[in-house]
Undergrad: 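Please find one structure pasted underneath; my questions will follow.
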Amino acid sequence: MNNLGRSDEINLYNGSTLIDRLTYNDQGTGSVVGPRTSGISGEAKSVAAFGANNATLWKLATVGDTEHAYTSTNGDIGSPGFTAFVSVSAVPEPQAYALLLAGLALFGVVGARRKQDNGQ
């Protein structure tokens with residue numbers, strides 16, 4: 001959300017389907033007014049900002065804030081893509097399940113061999 005200004009709009013698509021939009025104008029009124037973000041990223045004030053298409057629910061990033069914003073080498077301030085409002089739990093990849101099954105199969109083979117070696 002860097003360099004948003006007059007009559008800008010952010011549109012997020014999943015393929016060809018619009019899934020979210022933020023209409024923005026640093027000189028607007030009502031839900032489209034917001035701070036000019038030149039050199040500073042915008043961040044949500046609360047979880048209500050997501051999907052609301054309301055620029056007043058956003059603020060400028062500050063170094064060390066809850067979004068982990070920092071100053072880049074060229075002086076811009078922004079978040080590295082972190083948000084405190086969304087909790088993401090890890091979802092195992094299919095490869096993790098394959099590795100688990102391979103490990104269990106290996107234990108089974110080793111157990112069967114030990115049983116054979118012990119004459120049982």
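Nothing fancy with the numbering, it's 1 onward along the sequence.
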Undergrad: Please confirm whether the backbone N or O of E67 pairs with a side-chain atom of S79, one donor and one acceptor, at under 3.5 Å?
TA: yes

Undergrad: Roughly how far, to the nearest 0.5 Å, is NZ of K59 from OG of S46?
TA: 9.5 Å

Undergrad: State which residues pass side chain to side chain contact (heavy atoms under 4.5 Å, CB included) with T71; sequence neighbours excluded, sorted by chain then number.
TA: V63, I77

Undergrad: Can you tell me which residue among D76, L60, T62 is in a side chain to side chain contact (heavy atoms under 4.5 Å, CB included) with I40?
TA: L60

Undergrad: If you measure from CG on L57 to CZ on F50, what distance do you get to the nearest 0.5 Å?
TA: 10.5 Å

Undergrad: With hydrophobic residues grouped by side-chain heavy-atom distances under 4.5 Å, do I10 and Y13 end up in a single group?
TA: no

Undergrad: State, to 0.1 Å, how close A61 and G78 come at their nearest heavy-atom pair, and which atoms those are.
TA: CB-CA, 4.4 Å

Undergrad: Quick check: closest heavy atoms across H68 and P80, and the distance to 0.1 Å?
TA: O-CD, 3.3 Å

Undergrad: Using the side chain to side chain donor-acceptor pair (under 3.5 Å) rule, take N11 and R21 through it: C-alpha gap first, then chi angles, then the decisive distance, then the call.
TA: CA-CA 5 Å; N11 294 294; R21 161 180 289 147; 2.8 Å; yes

Undergrad: Do you know the tightest heavy-atom contact between A49 and W58?
TA: CB-NE1, 3.6 Å

Undergrad: Would you say the side-chain atoms of N53 pair up with the backbone N or O of T23, donor to acceptor, closer than 3.5 Å?
TA: yes

